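These numbers were taken from a predicted model, which means no experiment stands behind them. If you read the sequence from its start, that first residue is 1, and numbering goes on from there.
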Amino acid sequence: MSMYGRDPWGGPLEINATDSATDEDRSRNLNELDRAALSRPLDETQQSWLLGPTEQKKKKKYVDLGCIIVSRKIFVWTVGTILFAAFVAGFVTLIVKTVPRHHKKHPPPDNYTLALHKALMFFNAQKSGKLPKHNNVSWRGNSGMQDGKGDGVSAAIKDLVGGYYDAGDAIKFNFPQAFSITMLSWSVIEYSGKYEATGELNHVKELIKWGTDYFLKTFNSTADTITTLAAQVGSGVTGEDSTTPNDHYCWMRPEDIDYDRPVTECHSCSDLAAEMAAALAAASIVFKDNKAYSKKLVHGATTLFKFSRDQRGRYSPGRSEAATFYNSTGYFDEFVWGGAWMYFATGNNSYLKLATTPGIAKHAGAFWGGPDYGVFSWDNKLAGAQVLLSRLRLFLSPGYPYEEILRTFHNQTSIVMCSYLPVFTSFNRTKGGLIQLNHGRPQPLQYVVNAAFLATLYSDYLDAADTPGWYCGPNFFSTEKLREFARTQIDYILGKNPRKMSYVVGFGNHYPKHVHHRAASIPKNKVKYNCKGGWKWRESSKPNPNILVGAMVAGPDRHDGFHDVRKNYNYTEPTLAGNAGLVAALVALSGDKSIPIDKNTLFSAVPPMFPTPPPPPAPWKP
């Protein structure tokens, strides 16, 4: 019996009650049915029955930004994020603006910085020649415009307009003037960061250039070899019966000078030439970024140093006028000093070899003591040269063949620093604490400021070399002891002394009012006072009408006494060399130790060091 029904796929379905087909037949029939079903397309009803309802695919939406097309969803999220970030930033800004703030005030400038500003102004007041528009000394004007243009001047010298007057007169002494420029340049090379922090870097560089421009006029600076050098402009010799108008006999404003100003030339002046070479060489490092000018200075320095070596002799022989005012006791210290600066300016090893020649060092006094050993001044540069070359050993260590003499210089520098300390008795001190480097003689401050500079500088060298101090015999002293020495001496000069007087004009409330200085003592009142006409201002007991801001006077005596009298130059006269040392010491002490020395600028022209190995030992022989 069979039963027929409807095949859901559209065909008849036959079910046999009695199925006699074998398993193999049934399997074959099912496979045929499967193939038949797969070969026929399914309508929507059949698909929905098998697969269930289909989901309609969502269509993505995009935003056209012109240059790109982005998904709308990404665009919305991006814009939202930006708006949220802007809101948060604005909210934070609003809080910061509305919440009261406590500004951390910068500490007021220390006394050394305040005094530095004033000490530099002294150089503006000492300028000779056609002054710049912004010289900032209202009572000074153009002067010395005929210097070097008279009869009897070598053809190689075109004019000698410019430079600086030495002190309270109108003489230009090139020997101490050159030392002053070298000192200013050295201080800039080491402490340019501090000058910049005080806003005085451009000012001090302008002062240096005023000096070097003048020095380049004192000889034929375009030549490689010279035979003549101008040593001095003006005259100061005054005999008992002399009535010849000159820079010491007359008391006149430099702007009103109408008398002849002779030029003193020299033909064998090793000390002067080597010091001027040092000044130009040091300045060439200061102006290394101005390549043309720096090269000009180096050439001039090279010519001068060659002249100093070729034409041996002191610039102040016998009873010369130079010997009366700025006598040089020798020139071997200038060979060491000038040779060191020439080496740093050029990198030429021949200069280093000369500066470290034992014979030259011996004649300079490097191996013996004496009462003035360690006293750094316009006359004796040995102490400064030894500090300078100790720097080379500390930072570059050139080794053989220089090591032995450099080690000697380094050891001698340590001894000099020991001599400055009050625990030793190398130098006496006044009851007020001022060290007597010139053994009680007049005008002590110029030597004190130089020692303060060297002590501070050497302590900074040791700090930069990660050396905590140095030995004085068996005793170890920290670098802070050197700074303490320097501070006590400069503090004395700035007013911490028994008289409570500042020896820097214009600093503090109590300072000398009768400075020995012609231009400062004569009023600028459109009246031209002749040679003797100005004597009444020299004799006047009234304070100077013009304040010579920043001038460090000669200083007190060995008993801390001081006479504020215009005619007594041993107390009240300032000098270029003294103020240069003051400037150097002040900038070294100014600020804090967060601005270290510039370790690299001094070595900018020095080639890489590859020490020559020492010669091998002699062959062994039994």
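- Using modelled atom types, one finds a donor on one side chain and an acceptor on the other under 3.5 Å when comparing Y293 with T212.
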Q: Evaluate the criterion ring-ring contact (aromatic ring centres under 6.0 Å, His included) for residue pair F453 and F376; output intermediate values, then yes/no.
A: CA-CA 10 Å; F453 171 62; F376 182 41; 7.7 Å; no
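- Annotation: the span from F335 atom CZ to H363 atom NE2 amounts to 11.0 Å, rounded to 0.5 Å.
- A donor-acceptor pair under 3.5 Å is absent between the side-chain atoms of D147 and the main chain of R261, judged by distance alone.
- The shortest non-hydrogen separation linking A340 to L388 is CB-CD2, 3.9 Å.
- Of all the heavy atoms in A345 and V298, the pair that sits closest is O-CG2, 4.3 Å.
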Q.
Please evaluate residues S154 and F219 with respect to the criterion side chain to side chain contact (heavy atoms under 4.5 Å, CB included), reporting the C-alpha separation (whole Å), side-chain torsions for both, the decisive distance (0.1 Å), and the verdict.
A. CA-CA 9 Å; S154 296; F219 64 103; over 6 Å; no
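- Residues H410 and E403 bring no donor and acceptor atom of their side chains to less than 3.5 Å of each other.
- Evaluation of the salt bridge (charged side-chain N to carboxylate O under 4.0 Å, His left out) rule for D271 yields no partner, not counting sequence neighbours.
- Remark: the backbone N or O of G578 is paired with a side-chain donor or acceptor of T575 at under 3.5 angstrom.
- Under a 3.5 Å cut-off, the side chain of R140 and the backbone N or O of N135 do not form any donor-acceptor pair.
- R441 places no side-chain N or O within 3.5 Å of a backbone atom of Q436 that could act as its donor or acceptor partner.
- S316 contributes a side-chain N or O that, together with a main-chain N or O of S328, makes up a donor-acceptor pair within less than 3.5 Å.
- A distance-only check finds a donor-acceptor pair linking the side chain of K149 to the backbone of M145 [under 3.5 Å].
- Of the possible donor and acceptor atoms, one in the side chain of T182 sits under 3.5 Å from a partner among the backbone N and O of A279.
- A 4.5 Å side-chain heavy-atom check between K288 and T601 finds at least one atom pair inside the cut-off.
- Put simply, the side chain of F325 does not reach to within 4.5 Å of the side chain of D166, judged on heavy atoms.
- Evaluation of the salt bridge (charged side-chain N to carboxylate O under 4.0 Å, His left out) rule for K481 yields no partner, not counting sequence neighbours.
- A cation-pi arrangement is not found for R393 relative to Y461, the charged atom failing to lie both closer than 6.0 Å to the ring centre and inside a 45° cone about the ring normal.
- In this structure, I435 and F485 have side chains that are in contact, with non-hydrogen atoms separated by less than 4.5 Å.
- With no hydrogens or angles considered, no side-chain donor-acceptor pair links Y191 and S590 at under 3.5 Å.
- Judged by distance alone, with hydrogens and angles left aside, the side-chain atoms of Q177 form a donor-acceptor pair with the main-chain N or O of Y164 at under 3.5 Å.
- Shown here for M552 and V449, the closest heavy-atom pair between the two residues is SD-CG1, 3.7 Å.
- The salt bridge (charged side-chain N to carboxylate O under 4.0 Å, His left out) test applied to D463 returns K593, not counting sequence neighbours.
- For the side chain to side chain contact (heavy atoms under 4.5 Å, CB included) criterion with L304, the lone passing option out of M342, M276, R309 is M276.
- Crowding of K296 atom NZ: a count of heavy atoms from other residues, nucleotides or ligands under 6.0 Å not exceeding 12.
- Y373 and N380 share no donor-acceptor pair across their side chains, judged by distance under 3.5 Å alone.
- The two residues G152 and E265 have their closest heavy-atom pair at O-OE2, 4.3 Å.
- A tilted orientation is assigned to the rings of F603 and F344, their planes being inclined by 30° to 60°.
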Q: Go through F173 and Y326 one step at a time and tell me if the ring-ring contact (aromatic ring centres under 6.0 Å, His included) criterion holds.
A: CA-CA 8 Å; F173 291 108; Y326 284 101; 5.1 Å; yes
(Q) Evaluate D310 against K306 for salt bridge (charged side-chain N to carboxylate O under 4.0 Å, His left out), listing each step before the verdict. (A) CA-CA 6 Å; D310 292 345; K306 182 179 185 299; 2.8 Å; yes
Q. Taking it one step at a time, do Y569 and H248 satisfy ring-ring contact (aromatic ring centres under 6.0 Å, His included)?
A. CA-CA 12 Å; Y569 56 84; H248 278 181; 8.2 Å; no
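- For A364, the side chain to side chain contact (heavy atoms under 4.5 Å, CB included) test picks out F332, D333, V336, L382, with sequence neighbours left out.
- Exactly one of L297, T303, T302 qualifies for a side chain to side chain contact (heavy atoms under 4.5 Å, CB included) with H299. That residue is T303.
- S270 and E334 form no side-chain donor-acceptor contact under 3.5 Å, judged by distance and modelled atom types alone.
- Of the N and O atoms on the side chains of N220 and T222, at least one donor lies less than 3.5 Å from an acceptor on the other residue.
- Crowding of E206 atom CD: a count of heavy atoms from other residues, nucleotides or ligands under 6.0 Å exceeding 12.
- Summarising the geometry, atom CG belonging to L201 is positioned 14.0 Å from atom NZ belonging to K194; distances are rounded to the nearest 0.5 Å.
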Q. Run the side chain to side chain donor-acceptor pair (under 3.5 Å) check on E321 and S235 step by step: do they pass?
A. CA-CA 8 Å; E321 189 168 325; S235 175; 3.2 Å; yes
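- With sequence neighbours excluded, no residue satisfies side chain to side chain donor-acceptor pair (under 3.5 Å) with Y331.
- Of the possible polar contacts, none joining the K362 side chain to the F367 backbone as a donor-acceptor pair under 3.5 Å is found.
- A side-chain donor-acceptor contact under 3.5 Å links N579 to the backbone of A119.
- Of all non-hydrogen atoms in P254 and Y165, the two that sit nearest each other are CB-CE1, 3.7 Å.
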Q: Determine, stepwise, if the pair D598 / I189 fulfils side chain to side chain contact (heavy atoms under 4.5 Å, CB included).
A: CA-CA 7 Å; D598 183 342; I189 292 167; over 6 Å; no
Q. Taking it one step at a time, do N174 and Y214 satisfy side chain to side chain contact (heavy atoms under 4.5 Å, CB included)?
A. CA-CA 10 Å; N174 292 346; Y214 165 73; 3.0 Å; yes
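- With sequence neighbours left out, the side chain to side chain donor-acceptor pair (under 3.5 Å) criterion links H117 to E200.
- Between the side chains of S187 and Y195, a donor-acceptor pair is found at a separation under 3.5 Å.
- In this structure, K209 forms no cation-pi arrangement with F287, as its terminal cationic atom is not both closer than 6.0 Å to the ring centre and no more than 45° off the ring axis.
- To the nearest 0.5 angstrom, F179 atom CZ is 4.5 Å from M183 atom CE.
- Closest non-hydrogen pair, N348 versus Y343, comes out as O-CD1, 3.3 Å.
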